[in-house]
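Beneath this line is the structure, given in structure tokens, with notes to follow.
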There are 4 protein chains.
Amino acid sequence: MKGSNTKDQIIAEASKLFLDEGYEMISMRKIATKVGCSPTNLYRHFQNKEDILLVLLERGYSVFLSYIQQAIDQNKELEFRIKLKQALKSYVNFGLENKEYYQLMFIRNFEHFDRVVIGESDRMKGFNLLANLIQEGMEKGLVKGDIEVISQSLWGLIHGITSLLITFKNSFHWTNEQSLIDFHVDTYLKGLLK
Amino acid sequence: MKGSNTKDQIIAEASKLFLDEGYEMISMRKIATKVGCSPTNLYRHFQNKEDILLVLLERGYSVFLSYIQQAIDQNKELEFRIKLKQALKSYVNFGLENKEYYQLMFIRNFEHFDRVVIGESDRMKGFNLLANLIQEGMEKGLVKGDIEVISQSLWGLIHGITSLLITFKNSFHWTNEQSLIDFHVDTYLKGLLK
Amino acid sequence: MKGSNTKDQIIAEASKLFLDEGYEMISMRKIATKVGCSPTNLYRHFQNKEDILLVLLERGYSVFLSYIQQAIDQNKELEFRIKLKQALKSYVNFGLENKEYYQLMFIRNFEHFDRVVIGESDRMKGFNLLANLIQEGMEKGLVKGDIEVISQSLWGLIHGITSLLITFKNSFHWTNEQSLIDFHVDTYLKGLLK
Amino acid sequence: MKGSNTKDQIIAEASKLFLDEGYEMISMRKIATKVGCSPTNLYRHFQNKEDILLVLLERGYSVFLSYIQQAIDQNKELEFRIKLKQALKSYVNFGLENKEYYQLMFIRNFEHFDRVVIGESDRMKGFNLLANLIQEGMEKGLVKGDIEVISQSLWGLIHGITSLLITFKNSFHWTNEQSLIDFHVDTYLKGLLK
DNA sequence: GATGAATGAGATTTCATTCAT
DNA sequence: CATGAATGAAATCTCATTCAT
């Protein structure tokens, strides 16, 4: 397989630590300790601490894209409402199954890091897939309104439930996750679709 | 006239800095520089850095509660749908008009700080006001379903749009804020209410 | 009475704190807190922290002298051995009854403070009283040897037991204090005197 | 060859500084300056300032034990009085030849540091060697009395002269050290032994 | 006789990072 | 591929002390 074992380990430990305690609270030494190597060694695999984050973000974007892509591909032939619902649910599931990534990508904002560029990322591609879906719905006469407004509202819808479930996972008595998500999306779509 | 001017200045500058760069990135020195006093002097007014955050959180909770309370009081006699919509909008408006507070209260999670207790806070009281409203709607037969599921879904709805508008305020081409929020809430309520 | 009440309180609290935690560990703020006044106020009564110590030392010397003087005066007419024993015991008793003073005077060494001068102090007068006693014993033919050697050895004898009882008062299982001191002095005097 | 040179240097400089100015007065920066390295580097070799002290104490206890052990071993076959005298003198000599250690071990009291545990230390083993010697004397009928009282008195005897010679080494006109110690011990033993 | 506001200096400690090996 | 030794910068925080009132 390609990629050194150590590098993957670093990524794995760093992403967990970043989620649990926050990027700024995690020192290179803490990562090294978890991995079981020397701090110096981290620099053999990454230019610096920011670089670890960037690699994490890129991986996250890529996984995110694959979630959305897969949902769309698998339901291509189905009814629009179902297709849309599945796409939205796959967004939420990406977040819940990849909390570390989701937090770094959508809850925190690292755009003050010069090297974090969003426009060109797979993240944007994921959005565009959703937007295309809305576009399709509008062409079919199933959705009405400004496509930008609708897209942004939809993002708000699914980001809200995803981010709350991640950020306050331990400090709130949540009802059953999947029922909640189903209700959440269904209710909104009932209002959105003809 | 009484009440130290410096203390208020510290709070004001700290909350801005915390929003822009994140709590961890802000040092006591940076705050002191902005305020125009010595770092030592901060410790006259606050026990430590965490204490500044706690005061900010408390103020935020209090302002939050007043937003929700006011929305409910002012629309007491109106139709349920309007009352609910106004309450939801006042949540979003609280966030957009108090970005620093909203970020600290709902986007970040400081519950690992021992002294941050949520259950007893005004934040919880704000939630309960919303929950009571749902309860009222259920009693009137206008809303159906599990009250917990509905409340949590509603929170996700409004938190999503609020937090995105705050976190990515500079890195995304948002449509007109108020139209977006209106569409967001209206669409969902169309699905939720009879 | 002369002397402000606050000044005496400061001295009382400071000496206790200095004994328990050590001069360096005690801050002006801690003293002020114990006394129940503002740190600034301490400077109305003492030039600075060192000054508090100096006043304590002076008081300690003075009390020390009175202990020794009294022992000698009260036993002037008695047999030499008893006179000497009482003087030695009064040294130990001074220490045990004034642990704070004893520690500052004889266990710590503050001579690196310019203003601490020993030669001229009451401490030296106390020593001289003991030395005079030895002198008397030699003239009576009851003690033989170099007076300096004898004085210094005697000081070591009583300082040893006193300082151990103070320094390790909580961390050692001491036998009955007075029996120990009696045995200590008696054994030595049996060897010293004819 | 192995074993960092820097670590030994730190220990050497720190112990001298601690003796001269007191543990609390010595900052990590001062130690680093003396050693000729950066303050940060001290933390490569010791967890923190307290840790330096603990290492010093441990080394001190170990050297102390070896002094006492050696004195006893070397005089095993000699007359009891000589054996005891040599043991007592080796205690004093340990102090005078290792003033830094002696001060930290016997003059200061660091038992408020959690990690300083005395019961299990080599210091206690040293004491026990002396106590065993007394026991032997009692069995031979050469010493009479309560063994605890005698041990504690003996400790006071030798601690007194040792600590005075260390604490006031520069501020008192001492007679010849070895004659003083000989006289001190001889006089006491004359009273103690049959 | 007392205090609140303020400060410069310095304490311990941790950080990301580099360099020689 | 890896590490031990080292560092400059900066973090939080406490200190003794002063000044205006």
Side-chain angles (χ1 to χ4, degrees), chain A residues 4-7 10 23-32 35-53, chain B residues 2-7 9-10 23-32 35-52, chain C residues 4-7 10 23-32 35-52, chain D residues 2-7 9-10 23-33 35-52:
Chain A
S4 87
N5 192 13
T6 304
K7 184 160 186 168
I10 294 170
Y23 174 73
E24 291 84 358
M25 294 305 293
I26 298 306
S27 69
M28 294 297 263
R29 192 164 304 202
K30 278 185 195 163
I31 300 173
V35 171
C37 71
S38 74
T40 315
N41 200 13
L42 300 183
Y43 290 89
R44 290 198 60 73
H45 300 281
F46 299 90
Q47 280 180 31
N48 50 34
K49 190 182 165 188
E50 189 180 318
D51 199 36
I52 299 182
L53 175 65
Chain B
K2 80 172 179 181
S4 153
N5 190 16
T6 304
K7 185 161 187 168
Q9 257 183 284
I10 294 171
Y23 175 74
E24 291 84 359
M25 293 304 293
I26 298 306
S27 69
M28 295 300 260
R29 212 177 300 201
K30 280 184 195 166
I31 299 173
V35 171
C37 71
S38 74
T40 312
N41 200 16
L42 299 183
Y43 290 91
R44 276 192 46 71
H45 299 282
F46 299 91
Q47 280 182 30
N48 50 35
K49 190 182 164 187
E50 189 180 318
D51 199 36
I52 299 182
Chain C
S4 87
N5 190 12
T6 304
K7 186 161 184 167
I10 294 170
Y23 174 74
E24 292 83 359
M25 293 305 292
I26 299 305
S27 68
M28 294 298 262
R29 191 163 307 203
K30 278 185 196 163
I31 299 173
V35 171
C37 72
S38 74
T40 314
N41 200 14
L42 299 183
Y43 290 89
R44 291 196 60 73
H45 300 280
F46 299 90
Q47 283 180 28
N48 50 34
K49 191 182 165 188
E50 189 180 318
D51 199 35
I52 298 181
Chain D
K2 82 171 177 182
S4 153
N5 190 17
T6 304
K7 185 160 186 168
Q9 257 183 284
I10 295 170
Y23 174 73
E24 291 85 358
M25 294 304 294
I26 298 306
S27 69
M28 295 299 262
R29 214 176 298 200
K30 280 185 195 164
I31 299 174
T33 302
V35 171
C37 71
S38 74
T40 313
N41 200 17
L42 298 183
Y43 290 88
R44 274 193 48 70
H45 300 282
F46 299 90
Q47 280 181 30
N48 49 36
K49 191 182 162 188
E50 190 180 319
D51 200 36
I52 299 183

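Reckoned from all heavy atoms, side chains included, excluding hydrogens, waters and symmetry mates. Just so it is clear: chains get the letters A, B, ... in the order the sequence lines come, proteins before strands, and each one is counted from 1.
With sequence neighbours excluded, the residues satisfying side chain to side chain contact (heavy atoms under 4.5 Å, CB included) with B:T40 are B:S38. The side chain to side chain contact (heavy atoms under 4.5 Å, CB included) check on A:S27 picks up A:R29, A:K30, with sequence neighbours excluded. Residues passing the salt bridge (charged side-chain N to carboxylate O under 4.0 Å, His left out) test with B:E50: none are found, sequence neighbours excluded. Applying the side chain to side chain donor-acceptor pair (under 3.5 Å) rule to D:D51 yields the partners D:R115; only residues at least two apart in sequence or on another chain are considered.
In this structure, the separation between NE2 on D:H45 and SG on D:C37 is 7.0 Å, given to the nearest 0.5 Å. Distance CG/B:L42 to CD1/B:I10: 5.0 Å, rounded to 0.5 Å. Note that the OH atom of D:Y23 and the CD atom of C:E24 stand 12.0 Å from one another [nearest 0.5 Å]. Atom CG of D:N41 is separated from atom CE of D:M28 by 10.5 Å, given to the nearest 0.5 angstrom.
The D:C37 side chain lies nearest to F:dT7 when the options are E:dG1, F:dA2, F:dT7.
Residue C:G36 is the one, among B:G36 and C:G36, whose nearest nucleotide of DNA chain E lies closer to the 5' end (criterion: closest heavy atom). Residues B:K30 and D:L42 each lie close to DNA chain F; by heavy-atom proximity, the contact nearer the 5' end of the strand is made by D:L42.
Of the side-chain N and O atoms in A:H45, none sit less than 4.0 angstrom from OP1 or OP2 of F:dC1. Here A:T6 reaches the OP1 or OP2 of F:dA2: one of its side-chain N or O atoms lies under 4.0 Å away. Between B:N41 and E:dA5 there is no side-chain polar atom (N or O) within less than 4.0 angstrom of OP1 or OP2.
Secondary structure note: stems in DNA chain E built from 3 or more consecutive Watson-Crick or G-U wobble pairs under 3.5 Å occupy E:2-21 with F:2-21.
Between A:K49 and A:I31 the shortest side-chain heavy-atom distance does not fall below 4.5 Å.
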Report, as a single string ordered 5' to 3', how protein heavy atoms within less than 4.0 Å touch nucleotides 16-21 of chain E: B base, S sugar-phosphate only, - not at all.
-> SBBB--
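Regarding B:N5, its CG atom lies at a distance of 18 Å from the P atom of E:dG4, rounded to whole Å. Atom CZ in B:F46 sits about 15 Å away from atom P in F:dT14, given to the nearest Å. The nearest whole Å value for the distance from the CZ atom in B:R44 to the C1' atom in F:dT14 is 14 Å.
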